[in-house]
Amino acid sequence: MLKIHDLTFTYPGQKIPALSSVNADITPGKLVLVTGPSGSGKSTLLHCINGLATQHYGGSAEGEISVAGREIAGKSLWQISELVGTVFQNPNTQFFQLTVEDEIVFGLEHAGLDRATIERQLIRALQDVEIEHLRHRDLFTLSSGEKQKVALASILAMDQPLILLDEPTANLDIAAIHELKEIFKKIKKQGRTILVSEHRLWYLRELADQLIVIKDGQIAYDGQPNILKSTEFRDAIGLRIWEQSPQTKMTISCLKKHQETILKVSGLTGGPSRKKHIVNNIDLTLETGCCVALMGHNGAGKTMLSRLLTGLQKEQQGSITINGQALKTRQRIGKLACVTQQADQQLFSDTVLDELLIHPDDAPATRQQAEQMLKQYDLSQLAGRHPQTLSGGEKQRLAIAAAMIANPGIIILDEPTSGMDRRRMELLAEQIVTLCRQKVLVILITHDVELVASCADQILWMENGTVTETINRNGFEVLLNDLMKMNSTNERHEHEISNCLLK
Amino acid sequence: MIRGYIQRLGQRNPNCPFERLDPRCKLLMLLIVTAMVIVGDGVACAGLFVAVGLLACFSRLVKLFFITSIFSIILWCVFFVIFNTVLKRPLDDPRAMFFGMVFRGTTLTITGVWFAMTTKLRDMTAALEAWKIPAVIILPLTIAVRFIPTLLHESLVIRDSMRLRRIAYRRLDLLRKPHLIGHSYLALVTIRSLKMADELAAVAETRGLARPGIKNTYRPACFKKCDYYALGLLTSLTIVLTTLSIVLP
Amino acid sequence: MSLKTNTEPSGTQHKPNNYLIARRPAQPFPSRLRSHMDTYGWSRVSPVGNEKEYWDDIHRNGSAEKNRRTAYIHIPFCGTLCTFCNFQRKPGTAAMAADYAQWVLKELKWYAQSAYVAQGGFEALYFGGGTPSLLPSEAMVELVTAARQTLGLADTAEITVESTIHDLNEEKLQAMVQAGVTRISLGVQTFDTTMRRQLGRISSKSTIAGTIAAARQAGIQTISADILYRLPGQTVEAFADDLACAVELNLDGVSMYPLIAMPGTPLEKGLERQSIAALPDLQIEMNQCRMAHQYLADSGYRQDTCTHFVKSKDKNLYANIRLDDGDCLPIGCSAGGYLGPLVLMNAMNRQMYQGQISADKPGYMGSLMLPAKSRLLRSVTGQLQRGFLNPKTVWQDGSIDVESIIADKLKSFQEKGLLAPSDDHYKLAREGWCWSYNIAADFANIASQKDAGADMMGDFSGAVKPQTHPHAVKYASRGKRSGMYGFTIKDLSVLGVMCALVVVVQFVAAMLLHLVGVAVIPGVMQFVMAFASCIVMFVALRKVPKAGALSIMSAVYSMVTMLMSGSILMGFGLVIGGVLGDVTAKQIGGIHKTAPLIIALMIYRVSQTTFSKLYAFITDMTQVQLVWYLIVLSIIMSAIGAVAGGFAGMKLSRKITKAGVMA
């Protein structure tokens, strides 16, 4: 289905090729997992296959790629799109229309098909992805998981033999990931060839037929995926967990010594409007130097809680006390630092140094302080660059630095590791631990079980707007296992049943 | 508010009969009504006013109709009182102004809003395609409408980020430091928009939108019986009003 | 029916086994290329942009090139699928083929009004696929007759139909002859029944002989058969038996192909799984090839092309004309062909094809314009596949120095004993015939080589000499896609998103003004709105500095306004302003320069404000002097706001250039 022969690709203006001498041979009907550390060339490989790398990004490629026996070179992008369909990472920039049906039909219309065929393929795509009930829904009202399903449905409707997915679970919560996994199972049975580029590997355990690992632009491994069971292999490349749930690491336990309470929340209720309450009656007491992970499914109220805490949203009832002072909404703004998922949206200046020097009138930072901060976050050599030209990890570090330069006692990190590879996640975990040492309360809102296992002291599980469970370190494994549905007894049991049935 | 508008542009309302009309027909109706409002005299406009009132009843715009009419009447009264009584400089033709503000003004407004409320984006693009408007206009139109809520959301997020960093977060700052808004908000939102446009173009290319050759529409625009009835109705109304305005003084 | 009907005396009784070659000549290439598809190196060119216009022109005005002409009709259905085939075909029934034939008839109707077709000169018509013989008799007659009429085929024209043995019965053969079919090409592959079954073929050896006899009886003039060698587990002796059968049957033409395990075919899968015996190694394959050549030559066959052997009756016109740089008009779904310098492709799948035909268009989907060097190499490979290479006749308009391009390779192949000089040209030596695809591919790949020799020749894609085709000068590459007016998807995407940003920024500005409470001050609102929108539009037009971009943005913005508020006056104002602004900018230097851009934005904004204030005129509010003053103030303030916005936009675009988004 896909043959790559000696592919070398260089982005325009770069001397070092992004991919060198890549060879691959993928037979039809397989699900291939492509993984590797960030920046290794996974996305570049996918873009080479769908033609964007040379024709959209303007790079130069040598070597041959052929899909279904036909060469990609010399074909225009729309010709390649008949053979290769791509689902991108960000569900928000993949849509052209306002409703689900219009979106799926959009690509089919441009293929010049007649109406009866369009209708047929639309219905089939909706059934394949199990979103018939969403057919007439507005795209803006869907959750990330549903949006990603719609994106997948619009590609499936085009009936291409090869489907590429570029980090499809980057913005999804765990429930949505499980749903996506079931859909993959279904479409794989239909005989489509699927290529998934991912950091999050565990959900493809039973699905992946082939594993391709790319490191520094070259193929480091191409073969059976069960090599991922080996921890040494994963450590050598820097890959995330595969089978076992993450090991809970030892960090400073804030329960050992008595730390001072920095944040006290009582009876907090609030929401986007007076009548609609998303957060209901939350009571929290959190101490400095702790790292608290706030977990829960999408819609549980985590983001609303962070908005209430930071003062972006006015609370309906309840009080928030910081450092012993009960603060109203307006007074709270700026007291808590918050770094959101998209660091892009928090960087305002023209240079990295200026970013740290943007200061409110009441708390100016000096140039020296700014340079010190840059050194601390390993950004000194980037001081003159424009913040928007930095890589994802650097942007996030800069956002955290910019937030911390005002010396807040509390920082909230909202989904900091979406789309991150293991090394960067570990770096972030180290940074969080450093912040804790500096007596900062770190509140982590995340789905990333590995990050939580690496650096959190407590997990607050939220459901329906309240904190239903507070779990300390020794209880982590049970919860995390549950989340990843990796309970080994369950698996063994199912295996035994299927063995009996086969006899 | 804008988000609600845009969502309405996508969702079809099966109970509304006017949505079944072809947008070309509605556009034609809008043009004819505008032309009549501009050209017609008092009688014709009064007639149109009544007709539009009836239209408003059937399309749930009654409240807006009354509000607009009453507001125009009040405004006219204010002008009348000020110029005739206080300033002692009477208006040239207060009757014409009354007709103009109340009848013509309300008719134009309500017909426009009726068009906006009953036309969905997809129907509009289908109608434009039927008129052989090239893809260079239709594709950006689709993208523009679809991105308005996204960019609005971006703006809100950027505003929140600015508030968290305490950059221009008070009302006073808008007056004292408006340049900060330009530097911080506008630059960032423009950069984000351009990046999104680039990503979207990549998605569009891989979906095969650049394919030459015929493009088939799933719900093509076509004139149906209801369009002809509507146009027929409007034509007869035009004739009646023209006759009346000639016959009556 | 005995096997020996109509046998001509074949001379001495020789068996092919006598030709087993004892010595093993050295291998001139590392691996053997087995398909003509490997020789298409000359076709790897990028689209020029005006291919469709060129094609349209040819069909409107005819072609000035004096190429020989053929036509090809593709029937993409097969009753059963052979395990080795990866051609464009789908499993189908006769009824499906008949249905499809109706679409082809419609396409032929389109071609009936083409000036190119009216010029006539078609010498051969080929029905390929799939299995054209799947068509039921009535459909076959209708299609062949219509094709003959449309193309103006003379009675001497060669009309070939690819067939399977089991599709042909007396009734169908008679119908075919009546319609004008002169030649059939049978997919025999092998006479060994067991092997036939393994390849997915149906009939047995005796049936083959019977059908051939019936065909002769019905009046088919030329019967040719395809034979495969290099079959799984096939020895040289087994192949020799096949050859003996073929000669015995006195076929007019024999085509010999080595079996290729195409990717994705059941054959390839079977070989992988080892459920099918392995293919013979190269030595056995070469022996089979050499033996076949010698044996058939001694049995009275002449080698016509590298795969086809003929007796006197089989002219093999279609293949010969195509290899002689001839035109081939493709008809039907997924058919390909040539038209002058264009390589043509019809719609690849049936839905697309039917869509085109329903819209009263032919099946043409796309084409590539071949530069002169590619055409030369195509001609070279065409000659080589016919067994010779004549540097004088291979390219005749004098625009290219042929010798210098092919000299190196000629010398090297002569040294290897694959080409031999003969009079003023070169012929393929005995051994050269067996490596003909390799030789042809080697020449074909000169097109993609970037060596010093090629550089010396200069850039042939732009070669303009007096003898080149007049169309090549008229249609110099513009690099634009018709219908998109020079705008790419990227441009349109930027314009769309920036238009959305204009709406949002204006909304935000209006909200902020209301928040601060200055909205009621006359003129301020207009100034700020103009300022806000022009900043963004300046940046957008800096990113897409093409003429027409402002018109597009204003048209889109007016549609958005219509959809959101139904204000038709403002809609008009926007479009008129945008177009006026664009035209003005073009006149005074181009919209890519700053001053014309700012002036254009001002015109645009003033037009918008004026038209939206027309409302006041219509409602007679202008009787009040104050309203007049307010209107004039609005217009002036919006003009100033636009200019200020333009300058601010300049600053903004410089600021964001560092972010790398303005490339």
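By convention in this document, chain letters (A, B, ...) are assigned in the order of the sequence lines, proteins followed by strands, and residues within each chain are numbered from 1.
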Exercise. Identify which part of B/Leu139 has an atom lying under 4.5 Å from any heavy atom of chain A, answering side chain, backbone, both or neither.
Key: side chain

Quiz prompt | Backbone of A/Phe96 reached by a side-chain donor or acceptor of B/Thr142 within 3.5 Å | solution = no

Quiz item: Would one find more than 12 heavy atoms of other residues, nucleotides or ligands at under 6.0 Å from atom CZ of A/Phe140?
Solution: yes

Practice problem: Determine the option with the most heavy-atom pairs under 4.5 angstrom with chain B, choosing from A/Ile155, A/Leu52, A/Ile118, A/Asn50. | Solution: A/Leu52

Practice problem: Sort A/Leu312 into side chain, backbone, both or neither according to what part of it lies under 4.5 angstrom from a heavy atom of chain B. | Solution: both

Quiz item: What residue, out of A/Lys335, A/His136, A/Glu82, A/Arg332, has the most heavy-atom pairs lying under 4.5 Å from chain B?
Solution: A/Glu82

Quiz item: Is it the side chain or the backbone of A/Glu103 that comes within 4.5 Å of chain B heavy atoms, both, or neither?
Solution: both

Quiz item: Taking everything shown except A/Lys314 itself, do over 12 heavy atoms lie less than 6.0 Å from its NZ?
Solution: no

Quiz item: How close do A/Ile411 and A/Met404 get, heavy atom to heavy atom, and via which atoms?
Solution: CD1-SD, 3.6 Å

Quiz item: Using non-hydrogen atoms only, which part of A/Ala399 is less than 4.5 Å away from chain B: side chain, backbone, both, or neither?
Solution: neither

Quiz item: Hey, what do you get for CZ (B/Arg165) to CG (A/Leu347), rounding to the nearest 0.5 Å?
Solution: 7.0 Å

Exercise. Name the region of A/Glu355, side chain, backbone, both or neither, that has any atom closer than 4.5 Å to a heavy atom of chain B.
Key: both

Quiz item: Listed by residue number, which members of residues 187-203 of chain B have a heavy atom under 4.5 Å from any heavy atom of chain A?
Solution: B/Leu188, B/Ile191, B/Arg192, B/Lys195, B/Met196, B/Asp198, B/Glu199, B/Leu200, B/Ala201, B/Ala202, B/Val203

Exercise. Could you look at A/Ser76 and say if it's the side chain, the backbone, both or neither that has a heavy atom under 4.5 Å from chain B?
Key: neither

Quiz item: Does any heavy atom of chain B fall under 4.5 Å from the side chain of A/Leu336, the backbone, both, or neither of them?
Solution: backbone

Quiz item: Which heavy atom in A/Pro416 sits nearest to a heavy atom in A/Gln396, and how many Å separate them?
Solution: O-NE2, 2.5 Å

Quiz prompt | Interface residue of largest heavy-atom contact number with chain B, from A/Met158, A/Gln97, A/Gln160, under 4.5 Å | solution = A/Gln97

Self-check item: Passing candidate, salt bridge (charged side-chain N to carboxylate O under 4.0 Å, His left out) with A/Glu109, options B/Arg122, B/Arg211, B/Arg219
Solution: B/Arg122

Self-check item: Structural part of A/Asp114 lying under 4.5 Å from a heavy atom of chain B
Solution: both

Quiz item: How many angstroms lie between atom SG of B/Cys25 and atom CG of B/Leu30, to the nearest 0.5 angstrom?
Solution: 11.0 Å

Quiz item: From A/Ile72 CD1 over to A/Gln79 CD, what is the distance, rounded to the nearest 0.5 angstrom?
Solution: 10.0 Å

Quiz item: Side chains of A/Tyr57 and A/Thr44: do they bring a donor and an acceptor to under 3.5 Å?
Solution: no

Quiz item: Checking heavy atoms, do the side chain of A/Gln55, its backbone, both or neither come under 4.5 Å from chain B?
Solution: neither

Quiz item: Parallel under 30°, tilted from 30 to 60°, perpendicular over 60°: which one fits the rings of A/Phe88 and A/His47?
Solution: tilted

Practice problem: Hey, can you tell me if B/Phe223 and B/Tyr228 have their rings parallel, tilted or perpendicular (30° and 60° cut-offs)? | Solution: tilted

Quiz prompt | Heavy-atom proximity to chain B below 4.5 Å, by part of A/Thr99 | solution = side chain

Quiz prompt | Heavy-atom proximity to chain B below 4.5 Å, by part of A/Leu108 | solution = neither

Quiz item: Just checking, any donor-acceptor pair under 3.5 angstrom between side chains of B/Glu129 and B/Thr217?
Solution: yes

